[in-house]
Amino acid sequence: MLTSAQESVIAATTPVVAEHIEAIAQRFYPLMFARYPEVKTLFNATHQHTGGQPRALAGAVVGYVQLRHTPQRLDEVLGIIVDKHVSLGIRPEHYPIVGECLMAAIGEVLGDAVTDEVADAWGALYEELAGLLIEKEARRYRDFAAQPGGWEGTRTFRIVAKRPESAVITSFVLAPVDGGPVAAHRPGQYIGFKLTIDGETVHRHYSLSASPDRETYRVSIKREEGGKVSRHFHDRLAEGDTLELLPPAGHLTLDEGTSPVMLISAGVGQTPMVPLARQALAAGRRVVYLHAARDGAVHAFADELARLEADYPALLEVITVYSQPRAEDAPTHGGHVDANLLSRYLPRDAQCYLVGPAGFMRNMEAALSALGVAASRRHHEFFGPAEPLDSAA
């Protein structure tokens, strides 16, 4: 707990730190990677180059200062960070590294403004945040390992099936090498991978695209031309190959109510929506499943959704929107998803879930807000570092 003097210093200096927080975050990562190159494998290089990771760190630091005295909201925000950390296998020994380099970055950017008192207060604030995260992560690791089919650290799985879902998306079905049961995940969650590619260790997480069955996990991965890991999956991995998995995590899970559900996705953002749809339908809830893709060639899971429609004709409505439909395609709509299209299909009092590229999600968030959908009924998940949706209310 911070002392009253430290609290006063934090209150007085937060505006200055917030003003320069992105510069601090931009300096933090190169500094940390230079001092501790072994932690670089935990971070996606693409998110470094695009600025997504520094922006996420900046938002987390400022957000913690703003929310630390609002327990319920703070717990929600920390839960998202814990999800990411669990999927990467973050451990207590990583936190002193981050703390050292973060304080060094603050010192470099703010210079003489960082007095001994300021450094002491912000160091104490970081220790407070680190302690909360370490406690929550330890509990998550412990609880997962204790359930049937759970494990500590990584567990080796074998690819038992590899099948194309579209011209760009392939599914990988994974079963544990030890032959034991698989811990159930919650539909909508993702799972972490620890891979070695050309002698380099890298971490990634991918959405689980099938419902829990206690025997396997399924991920469905889009091949990105510039994606080192996605190309490794598509081009080099085959049935029989093994992979190291970390525990499932993620907060894009179905609410416990009975209201209708609207699932809105674009591109490979569809992967968590299939198990969410199955869960909602099994509970007798109405589901509107709206997916946007370029054309039918890249549209995954069309056959799986058609079977679901046949199984639940009174509950499930599937809408497809192709921006560049081919002659042989028969989408529900051409063009792009906008507020007018959403209003046509949006059920009254629906819980809305959206996943896709950041720009798509911002547009959908703005449209849903304009249509009167309360923030409590709008749910989203980022594939990469979490970023604020500008229109969130």
Side-chain angles (χ1 to χ4, degrees), residues 1-36 39-40 43-82 84-85 94-133 358-359 361-362 365-366 369 375 380 382 384-393:
M1 182 178 293
L2 273 66
T3 66
S4 58
Q6 290 169 332
E7 293 279 8
S8 297
V9 171
I10 294 296
T13 57
T14 290
V16 177
V17 173
E19 181 183 352
H20 295 88
I21 193 64
E22 287 207 26
I24 292 168
Q26 291 285 356
R27 180 65 192 120
F28 162 76
Y29 285 101
L31 192 155
M32 181 172 67
F33 296 157
R35 292 187 183 183
Y36 301 96
V39 305
K40 192 172 184 178
F43 298 89
N44 187 322
T46 299
H47 299 152
Q48 293 296 319
H49 295 319
T50 63
Q53 196 76 55
R55 284 194 300 272
L57 174 65
V61 172
V62 174
Y64 180 65
V65 176
Q66 296 171 337
L67 297 174
R68 53 193 290 263
H69 298 303
T70 311
Q72 181 175 350
R73 179 64 181 138
L74 177 63
D75 195 56
E76 293 174 6
V77 173
L78 292 185
I80 296 172
I81 297 174
V82 168
K84 300 292 186 184
H85 285 185
H94 292 120
Y95 283 91
I97 293 173
V98 173
E100 172 196 326
C101 297
L102 183 59
M103 293 306 301
I106 290 174
E108 286 190 19
V109 173
L110 298 184
D112 294 340
V114 184
T115 63
D116 289 344
E117 290 78 11
V118 171
D120 173 71
W122 281 90
L125 183 80
Y126 173 77
E127 290 299 324
E128 180 183 270
L129 173 59
L132 288 173
L133 290 171
M361 289 203 292
R362 288 191 182 95
E365 181 81 354
S369 178
H380 66 271
F382 277 96
E387 299 181 25
L389 295 181
D390 296 339
S391 62

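Just so we're clear, the structure is a prediction, and the values are computed from it rather than from any experiment.
Every residue was checked against the side-chain hydrogen bond (donor to acceptor under 3.5 Å, both in side chains) condition with His20, not counting sequence neighbours, and none meets it. Remark: Ala23 pairs with Val109 by the side chain to side chain contact (heavy atoms under 4.5 Å, CB included) rule, at least two apart or across chains. Residues that satisfy the side chain to side chain contact (heavy atoms under 4.5 Å, CB included) test with Ala5, not counting sequence neighbours, are Thr3. Looking at residues two or more places apart in sequence or on another chain, you find no salt bridge (Lys or Arg N to Asp or Glu O under 4.0 Å) involving Glu127. For Tyr126, there are no side-chain hydrogen bond (donor to acceptor under 3.5 Å, both in side chains) partners two or more places apart in sequence or in a different chain. Taking Met103 as the reference, Ile106, Ala119, Trp122 meet the side chain to side chain contact (heavy atoms under 4.5 Å, CB included) condition, with sequence neighbours excluded. Applying the side chain to side chain contact (heavy atoms under 4.5 Å, CB included) test to Thr115 and every residue at least two apart in sequence or in another chain returns Glu117, Val118.
Between Leu31 and Ala104, the closest heavy-atom pair is CD1-CB, 4.0 Å. Taking every heavy atom of both residues into account, Ala124 and Leu2 meet most closely at O-CD1, 3.8 Å. When all heavy atoms are compared, the tightest approach of Leu133 to Tyr95 is CB-OH, 3.3 Å.
Judged by distance alone, the side chain of Ser369 and the main-chain N or O of Glu365 form no donor-acceptor pair under 3.5 Å.
For the pair Tyr64/Leu125, a side-chain contact is recorded, criterion being any heavy-atom separation below 4.5 Å from C-beta on. The closest side-chain heavy-atom distance from Val17 to Val65 is not below 4.5 Å. Two residues are said to be in side-chain contact when any heavy atoms from C-beta on lie closer than 4.5 Å; Thr13 and Leu110 fail this criterion.
Between atom SG of residue Cys101 and atom CZ of residue Phe33 there is a gap of 9.5 Å, rounded to the nearest 0.5 Å. Atom CD in Glu128 sits 9.5 Å away from atom CD in Gln6 (nearest 0.5 Å). The CD1 atom of Ile80 sits 12.0 Å away from atom NE2 of His85, with the distance rounded to the nearest 0.5 Å.
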Could you go through residues 69-76 and list every donor-acceptor pair under 3.5 Å that involves a side-chain atom there, pairing it with any protein atom two or more places apart or in another chain?
{"residue": "Arg73", "atom": "NH1", "partner": "Glu76", "partner atom": "OE1", "Å": "3.0"}
{"residue": "Asp75", "atom": "OD1", "partner": "Lys136", "partner atom": "NZ", "Å": "2.4"}

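Residue pairs meeting the salt bridge (charged side-chain N to carboxylate O under 4.0 Å, His left out) criterion with at least one partner in residues 7-21, sequence neighbours excluded, are Glu7-Arg68. Judged as a salt bridge (charged side-chain N to carboxylate O under 4.0 Å, His left out), the pairs with a partner in residues 95-109 (not counting sequence neighbours) are, in order, Arg27-Glu108, Arg35-Glu100.
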